[in-house]
K.L.:
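Following this message is one structure expressed as C-alpha cells.
Atoms within each ligand, like the ligands themselves, are counted from 1 in listed order. On a predicted model such as this, the values are computed, not experimentally measured, just so you know.
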Amino acid sequence: MAIKLNKSYLSDFVSDAEISAIRGEVENALKTTKEGTGAGSDFLGWYDLPLRYKTEEYDEIKKAAEQIKKDCDVLIVIGIGGSYLGARAAIEFIKSPLYNSLKKDTPDIYFSGNNISSTQMKELFDICEGRDVCVNVISKSGKTTEPAISFRIFREYLEKKYGEEGAKNRIYVTTDKSRGALKQLADQKGYKTFVVPDDIGGRYSVLTAVGLLPIAVAGCDLDAIMEGAAQANKELLSADYDNNSCLQYAAIRNILYRGGKKVEIMACYESAYAMMAEWWKQLYGESEGKDGKGILPDSVIYSTDLHSLGQIVQEGERNIFETVVDIKTSRNEVIIPSDAEDKDELNYIAGKSMHEVNRTATEATILAHSSGLVPNIVLELDGRTEADFGYMVYFFELACAVSGYTLGINPFDQPGVEAYKNNMFALLGKKGEKFDEIRAQLKK
Ligand code: PA5
C-alpha cells in the first residue's frame, strides 16, 4: 500500500485487544459505505469515482487547462471550503508551496473568494496589473456569498479589460449541472462550464472538475493522480481489516477518541503538506463535528511549529493525539557543508543531507511526544508524486466515511455551516431574512 500505518508508537496507548474489539463496528461502517445504506448515502459519488472518471468532461478539463495555459499569466481560482482547498493542496503538495515564485511555463495561480478581505482583493488586482488573466469560479450551490462577491468583482474587471466577448473566453465556471444563480449566469453569458456532480459534496470533490481544472493548469498529470486514487480504491476496499491501513486509521482514531483524546493534530515535516492538512481539517471537521461529537482536527508543520505548538503538545493537557504524515523521500539532496572554524558547532553533521537530518528530527519528535503521553499514529508515504496525492486523497476520504459512521454521525452533511450565513444575510438586509430578530441578539 502507498500509505503504510506504523503502529510502533501506539503500543502504550492502544492495545491489540481494543483494535480487535472495534473491528465489527469498523467493518460495519465500511459495509454501510459500500452498500450506500447509511445517512447521507446520496453523497457517495466519490466512492467509485476513480473507476469511472474517463468521461467526455475529463477530456474537456484537460483541453480547457491547455487553453488557460495559453491565454493567461495568472489564473484566479474563486471558491471557498471544498471548492478550493483540494486544488490548492494538490498544487502545493505536488509542485511546491512556492509554486507562484518558481520558474515555470504554467500560469501563476491565486485563490480568491475564500474570504471577504478588501485588502487581499486589492493586492490581487495589483498582481494582475499588466498581465493576462483567466478566472475559474467554483461553487456547487452557486450562491455562496464569499465567492459570489469575488466573482462579481473579477467579472467586472475582465469585462472592462477584455470586453464582454473577450471576458467570456477567459471565464470558466464549475457548478451544479442545472441549478443555482451561477449556472444561470453562465448559461446567459455563454461561459464554459464544468459540473460538480450531484452526489459528491464539496469536501469530497477534489478529484472532479472542482479540483482537476486548476490542478491541470499547474501542470500536474491528471492521469497519474487518478491512477493513484484507483490504486487506493482497489487496495483499500479489498484488504482485510488487519492489513488495511485505512480501516486501522479509522479504528484507532475512534479508540483514542473514546479514551478521551479529543484533538487530533496532523503533523508533517514538509511545508509542502501545509495545505493538504488544511484540506484534511475541512474533510474531517465538517464531516465528523456534529451532534455534540467529533475529534477537533488541528495541524502543524514541523520543525516550524515545534517552536510554537511544540510546548503544548509535549506538556499540555493530555487530550491530544498526533497523526504524523511521514514523507520518506526528498526530491533533492542538499548537503550540509563543513566549516574550517566550526564556530556554529555544526561540523558533527557536516556531510549529511538536510533530508537525513529532517528524518532524524521526525524520529526524535515522535519519540519525545509519545514519551510525553501523546499517541502518535504514523502514516508513511513514499513521496510527493501525483500518484501519492491521488492515493492519499482516496485514503482520507474513505477513512473519513468509515470513521464517521463508526462515530455514529452522517459524514456527508454540514448543517452547522448555515448558522453564520443566516445571520450574515439577515444583518446585510437580504430580502426575506429575519433582520430585526437577529440584530436584537447582537451584543453591543
Ligand atoms: O464541503 C462543503 O460542502 C463545503 O465546504 C462547500 O464546499 C463550501 O461551503 C462552498 O460551497 P459552494 O461550493 O456551494 O460554494
K.L.:
Give a yes or no on whether a salt bridge exists between Lys69 and Glu66, defined as a side-chain N under 4.0 angstrom from a carboxylate O.
P.N.:
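Counted as a salt bridge, because a side-chain N and a carboxylate O are separated by less than 4.0 Å.
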
K.L.:
Are there over 12 heavy-atom neighbours, none belonging to Arg258, within less than 6.0 Å of that residue's CZ?
P.N.:
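Result for CZ/Arg258: enclosed.
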
K.L.:
Should you measure from each heavy atom of Gly82, which atoms of ligand 1 turn up under 4.0 Å away?
P.N.:
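So the atoms of ligand 1 that pass are 5 (O), 6 (C), 7 (O).
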
K.L.:
Return the residue, atom name and 0.1 Å-rounded distance of the protein heavy atom closest to atom 11 (O) of ligand 1.
P.N.:
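Sorting protein heavy atoms by distance from atom 11 (O) of ligand 1 puts Thr144 OG1, 3.6 Å first.
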
K.L.:
So between Glu418, Lys140, Arg203, Lys421, whose heavy atom ends up nearest atom 1 (O) of ligand 1?
P.N.:
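Checking each option, the heavy atom nearest atom 1 (O) of ligand 1 is found in Arg203.
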
K.L.:
Answer yes when Asp176 and Lys143 have at least one side-chain N-carboxylate O distance shorter than 4.0 Å, and no when they do not.
P.N.:
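Result for this pair is no, no salt bridge flagged.
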
K.L.:
For atom 3 (O) of ligand 1, what's the nearest protein heavy atom and its distance?
P.N.:
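Looking only at protein heavy atoms, the one closest to atom 3 (O) of ligand 1 is Gly202 N, 3.4 Å.
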
K.L.:
I'd like to check which ligand 1 atoms, numbered from 1 as shown, lie under 4.0 Å from a non-hydrogen atom of Ser141.
P.N.:
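Every atom of ligand 1 under 4.0 Å from some heavy atom of Ser141: 12 (P), 14 (O), 15 (O).
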
K.L.:
Taking 4.0 Å as the limit for heavy-atom contacts, which would you say applies to Glu286 with ligand 1: side chain only, backbone only, both, or neither?
P.N.:
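Near ligand 1, Glu286 shows its side chain, while the N, CA, C and O stay back.
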
K.L.:
Does a salt bridge link Arg170 with Asp71, judged by any charged N lying under 4.0 Å from a carboxylate O?
P.N.:
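Salt bridge between Arg170 and Asp71, a charged N being under 4.0 Å from a carboxylate O: no.
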
K.L.:
Does ligand 1 have any atom that is closer than 4.0 Å to a heavy atom of Val417?
P.N.:
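Outside the 4.0 Å threshold, so no.
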
K.L.:
Among Glu322, His307, Glu270, whose side chain to side chain donor-acceptor pair (under 3.5 Å) with Tyr302 holds?
P.N.:
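The passing option is Glu322.
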
K.L.:
Looking at Tyr157 versus Phe125, is the centre-to-centre ring distance below 6.0 Å?
P.N.:
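Aromatic pair counts; centres sit under 6.0 Å.
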
K.L.:
Contact between ligand 1 and Gln282 is defined here as a heavy atom of the residue under 4.0 Å from a ligand atom; is it met?
P.N.:
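A heavy atom of Gln282 does come that close to ligand 1.
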
K.L.:
Salt bridge check: are Asp223 and Lys62 linked by an N-O gap of less than 4.0 Å?
P.N.:
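Result for this pair is yes, salt bridge flagged.
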
K.L.:
For atom 8 (C) of ligand 1, which protein heavy atom lies nearest, and how many Å away is it?
P.N.:
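Result for atom 8 (C) of ligand 1: Ile80 O, 3.6 Å.
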
